[in-house]
Every structure is written in structure tokens, then in C-alpha cells.
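One-based numbering, in listed order, for ligands and for the atoms of each. A quick note: this is a predicted structure, and the numbers were derived from the prediction, not measured.
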Amino acid sequence: MTTETTNRMDLTFKKLRAEGRAALIPFLTVGDPDLETTLDIITELEAAGADILELGVPYSDPLADGPVIQRASSRALRSNIHLRTCMETALKARQAGSQLPFILFTYYNPVMQMGLDTFFAELDAHEISGLIIPDLPVEESEEMRERSRAAGVNLIPLVAPTSSERIARIVSGASGFVYCVSSLGVTGERSTFHTGVDDFIQSVRRSTDLPIAVGFGISTGEQVSRFAKICDGVVVGSAIVRKVEDVIPLLAQPETRSAGLLQIREFVAQLRP
Ligand SMILES: O=P(O)(O)OC[C@@H](O)[C@@H](O)c1c[nH]c2ccccc12
């Protein structure tokens, strides 16, 4: 049974489906290089045409992340960014006028550290529509799904090309969208994807009536367009995080900050499907 929540993210997918367009879903590490810059980057991503935003909580042991996001997490952790500051950043972006649905992307440990009662009480209050926890233990997923549903937040499941016979179980009871991981391994730009990725995506499509998005390794407009033809959303993380990393020297100087922000906007604008 798929719960039909009507939060900001669900409404965005409905609008995009009516327009016949796939969502562009950037990922960025909150606090990289600092919180004020993250708020400015969110504004640039929205202006560049992002439809939904994955706000990454920096973590000291990002097992599923490649070197680009690992470096971003290290920079953000040096600014002492943690789960609560990431939630507060979402609220600040909303208060500054952002209309984007926010997905909180966090490993499980920071959630456990905060405590589930506090965590779920704070999600809605901080304008979070979706939640991705890549290392959520299977035995915890039912409780997390129930708590997410009660909080009106979509707990977005990840399915990998190796999930095959488990796809139906993973997506049952899901809400928001299903995140199809395009390749095995860790995050990071790729020139090729898992062989059979299209068949994998089609098998997920047959297993759910939810929107499906694909991520991992996607870094060019051409790759986004390719996947936008068969998915309802395309996630781009490392390529954007790398662009942020590249312009940090420009962002650090008042006289070149706007040029740095413009480079991020232009990079993301050319990704749009
Ligand atoms: O960075 P990439 O290769 O573009 O992949 C998206 C990814 O950044 C984002 O969705 C994400 C960041 N860390 C993750 C860990 C697991 C799954 C997904 C993620």
C-alpha cells in the first residue's frame, strides 16, 4: 500500500508529470564551505531550475560516498555542522522564500544521536518533505516508515541494480519517490553506468506507482537527458559538489563571490532536462 501524502514534494512531482518533465534533483552538502554560502547556493540552484533539493548532512564516516562528497563532508564538519543545523538551514531557506521541496539526506547515526522522537518532531517544523537514510538497517525500516508517515514526511527507499528480487519489498509502503541507484559502488561522476541499468529502472517502474528517480554518477546534461526519458527525476550530487569545491576561492572573497555563485548557477542550468 502506497500512502499518498500531499506534501510539497508530492505536489511537485504531480506538477512535473502534468508538464511531462522530469525533476532535476541536486544534492549538496550543507555547510560546505559554510552555512551562509549554503543558503546562497540554494538560491542559485533554484534559479538554475532545480525542482527538488537533497540537503546532505555531513558525516565523519560517509561509507557510500566517493572522494568529492567525502571532502565536502570534511569541510562542513570543520564548520561544526550537524543534523540540527542542517534542519535549521532548510527552514531558513524557506523563510528566505525558497519554494523547493527539501529532502534531508543523512546517515543513520546522527538520527540515532538526536533520538527518533526529537528527530521526527522537528522534521515537519523545519519544512522537510523527504528523508533519505542510505544505511538505514532493514530491521529499523518499518518503524522509520511508520514514524515518517505520521510526520507527513516521505521516507525515500534506495534500490540498487542488485536489489532485483527485493525491489517489491523495498518499495512496498514507500512514499515520495523511489531512488534507483544507477551503479554499484560509491557516489561520484561516471562516464558509464551499470550494464542493464535501463532494464533495472523498468523493473522498478513495474513494481511501484510512485515516481522513480535515478542517481549515482550522473554529471552532464546529456546523461541527465538520457535518464529523464525513463525516470521522473534525476539526482546530481558529486558534479555539483565538485563545482562548489572549485569555486570556494571565489566565494571566499567579497569581490568575487557573485562570480563564484554564478558559475554554480550556470553549471546546474546546463544540466536541466
Ligand atoms: O554524487 P552522485 O554520484 O551524483 O550521486 C548522487 C548522490 O550524490 C546523492 O544522492 C547521495 C550523496 N550521498 C549518497 C549516499 C548514498 C546514496 C546517494 C547519495
Top protein contact for [atom], by heavy-atom distance:
{"atom": "atom 4 (O) of ligand 1", "value": "G237 N, 2.8 Å"}
{"atom": "atom 9 (C) of ligand 1", "value": "E54 OE1, 3.4 Å"}
{"atom": "atom 6 (C) of ligand 1", "value": "Y179 OH, 3.4 Å"}
{"atom": "atom 8 (O) of ligand 1", "value": "I69 CD1, 3.3 Å"}
{"atom": "atom 13 (N) of ligand 1", "value": "D65 OD1, 2.7 Å"}
{"atom": "atom 14 (C) of ligand 1", "value": "F105 CZ, 3.1 Å"}
{"atom": "atom 1 (O) of ligand 1", "value": "S238 OG, 2.5 Å"}
{"atom": "atom 17 (C) of ligand 1", "value": "F216 CE1, 3.2 Å"}

Does [X] use its side chain to pair, donor to acceptor, with the backbone of [Y] at less than 3.5 Å?
{"X": "E46", "Y": "Q99", "answer": "yes"}
{"X": "Q270", "Y": "F267", "answer": "yes"}
{"X": "S73", "Y": "I69", "answer": "yes"}
{"X": "T187", "Y": "G66", "answer": "yes"}

If you count every heavy atom of other residues, nucleotides or ligands that lies below 6.0 Å from E222 atom CD, does the total exceed 12?
no
Would you say [X] has any N or O atom under 3.5 Å from an N or O of ligand 1, going by distance alone?
{"X": "R190", "value": "no"}
{"X": "V235", "value": "no"}
{"X": "G215", "value": "no"}
{"X": "F27", "value": "no"}

Only one of D61, D65, D135 forms a side chain to side chain donor-acceptor pair (under 3.5 Å) with Y107, so which one is it?
D65
Numbered in order shown, the ligand 1 atoms found under 4.0 Å of a heavy atom of A64 are 15 (C), 16 (C)
Suppose I only count heavy atoms of P134 and a 4.0 Å limit; which atoms of ligand 1 are within that range?
16 (C)
So is G56 close enough to ligand 1, meaning a heavy atom under 4.0 angstrom away?
no
Have T43 and D40 got a donor and an acceptor in their side chains that come within less than 3.5 Å?
no
Hey, are R75 and T29 close enough side-chain-wise for a donor-acceptor pair under 3.5 Å?
no
Determine the sole option in R8, K14, R21 for which the salt bridge (Lys or Arg N to Asp or Glu O under 4.0 Å) test with D51 is passed.
R21
Can V178 and I156 be said to form a side-chain contact (heavy atoms from CB on, under 4.5 Å), step by step?
CA-CA 6 Å; V178 176; I156 294 147; over 6 Å; no
Tell me the nearest of V214, T187, I25 to atom 7 (C) of ligand 1, using heavy-atom distances.
T187
